[in-house]
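Below is one structure, written out as structure tokens; comments come after it.
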Amino acid sequence: MSSPGELFASGASHYARYQPRYPRELFDFLAEAFGLNGTQTALDLGCGPGILALPLSRLVARVIAVDPEPGMLEEGRSIAGRQNVGTIRWRRGDSSDLRALGLPPLDLCVMGRSFHWMSREQVLADLDGLVNPEGGVVIVATEPTGTAWSRAVDEVREAYRTLPGGGDDGSRPEQEESNREILRRSPFPRVTAAHWTYRIDRTLDEVIGLQFSHSSFTPARLGGRKDAFERDLRTALAGISPDGRFEQTVRTEALTATRRRRGLRPGRAPSARS
């Protein structure tokens, strides 16, 4: 059995390459909502390979990108180097002990697909002591719509989900309360939501690569079953799209949470994009 670090590291390059990017409108919205003008300090907590941190770095003075997995951080550093981005500090750390990281005062904390893995109430309580009074927290989530091809992929994934001998398959934990409910009970109870809808077109190889980016199906987790998993995916998808193109509509939502005494800056309401 591979170590947890090896399991995530084996999927880091796939995650960076195949996970959908957040829309430009998200970052325009953050810039307006928090008055980002190149002078702020932002934290990307659970940053992975920097899908949020990299575009955010163009709006602030510095981003502190924190993740517990060295493989993800290494992938992020590599991408930042290729893009000549030098304002991101890549830090190995765990959300369970934010105060031990010695973070500076923050103007903004963003969390993407990482938030559901955390002890959410404790993280928000810790951020209360780190985020400036006029700052806030943003939770970003992406939800793809179901399609014929995604249902075929789900059937294959289900067949491979349980590891030999049982045990954790890396699936994200089920949450009894939504992120919005948790935020409203936190030190950042003023919650607003914005969302954008857009289409992604993928090739067959991109659909396959995307599966290896998920924690349940990284190459290290699949082990000797990786080739069979890929073969079964290709077989299942072969008859669905003769031209090898796979469309999907994706919805990105940003939950912006601030303290009660602070409101978002006035401006245009975010608009959906299709």
Would you mind checking if [Y] and [X] are paired as a salt bridge, meaning a charged N to carboxylate O distance below 4.0 Å?
X      : Y      : result
Glu181 : Arg184 : no
Glu253 : Arg180 : yes
Arg185 : Glu177 : yes
Arg225 : Asp232 : no
Arg199 : Asp201 : yes
Glu230 : Arg234 : yes

Is the closest side-chain donor-acceptor distance between [X] and [Y] under 3.5 Å?
X      : Y      : result
Arg62  : Thr41  : yes
Arg202 : Gln248 : yes
Thr203 : Asp205 : no
Thr252 : Tyr198 : yes
Thr235 : Arg231 : no

For [X] against [Y], the heavy-atom pair lying closest together:
X      : Y      : answer
Cys47  : Leu73  : SG-CD2, 3.8 Å
Leu103 : Leu98  : CD1-O, 4.3 Å
Thr258 : Gly136 : CG2-CA, 4.2 Å
Ala193 : Leu255 : CB-CD2, 3.7 Å
Phe29  : Thr256 : CE2-OG1, 3.5 Å
Ile64  : Leu43  : O-CD1, 3.3 Å

Has [X] got a side-chain atom pairing as donor or acceptor with [Y]'s backbone, closer than 3.5 angstrom?
X      : Y      : answer
Trp149 : Glu247 : yes
Arg221 : Pro219 : no
Asp44  : Ala65  : no
Thr145 : Thr249 : yes
Asn132 : Glu134 : no
Glu32  : Phe27  : no

Should [X] and [Y] be regarded as members of a common hydrophobic cluster, given that ILVMFWY residues are connected when their side-chain heavy atoms come within less than 4.5 Å of each other, either directly or indirectly?
X      : Y      : value
Tyr18  : Leu237 : no
Ile79  : Val85  : yes
Ile240 : Leu210 : no
Leu52  : Trp90  : yes

> Could you give the distance from NE2 (His116) to CD1 (Ile182), rounded to the nearest 0.5 Å?
Replying inline: 14.0 Å
>> Would you compute the distance between atom OG of Ser95 and atom CZ of Arg120 and round it to the nearest 0.5 angstrom?
In response: 12.0 Å
pair [X]-[Y]: side-chain heavy atoms closer than 4.5 Å:
X      : Y      : value
Arg260 : Pro189 : yes
Arg99  : Asp126 : yes
Val137 : Met111 : yes
Asp67  : Arg92  : no
Ser215 : Trp117 : yes
Pro55  : Arg24  : no
Leu30  : Val138 : yes
Ile208 : Gln211 : no

>> Using the rule given for side chain to side chain contact (heavy atoms under 4.5 Å, CB included), can you reason through Ser216 versus Arg161, listing the C-alpha separation, both sets of side-chain angles and the distance that settles it, and then say yes or no?
In response: CA-CA 7 Å; Ser216 301; Arg161 187 173 298 279; 3.8 Å; yes
>> Using the rule side-chain contact (heavy atoms from CB on, under 4.5 Å), only one of Glu69, Arg77, Met72 pairs with Pro49; which is it?
In response: Met72
> Of Leu124, Asp94, Leu45, which is the lone residue that meets side-chain contact (heavy atoms from CB on, under 4.5 Å) with Met118?
Replying inline: Leu45
>> With a 6.0 Å cut-off (strictly less than), is the heavy-atom count around CZ of Arg91, excluding the residue itself, greater than 12?
In response: yes
> So Arg259 and Val131, side chain to side chain contact (heavy atoms under 4.5 Å, CB included) or not? Walk me through it.
Replying inline: CA-CA 10 Å; Arg259 297 176 176 90; Val131 175; 4.1 Å; yes
> Could you go step by step and tell me if Leu127 and Phe188 meet the side chain to side chain contact (heavy atoms under 4.5 Å, CB included) rule?
Replying inline: CA-CA 9 Å; Leu127 287 172; Phe188 305 91; 4.2 Å; yes
> Yes or no on side chain to side chain contact (heavy atoms under 4.5 Å, CB included) for Lys226 and Phe212, after CA distance, side-chain angles and deciding distance?
Replying inline: CA-CA 9 Å; Lys226 175 181 177 294; Phe212 293 132; 3.9 Å; yes
> Between Arg82, Glu74, Glu75, which is the residue that forms a side chain to side chain donor-acceptor pair (under 3.5 Å) with Ser78?
Replying inline: Arg82
> Are the aromatic ring centres of Phe217 and Tyr160 under 6.0 angstrom apart?
Replying inline: no
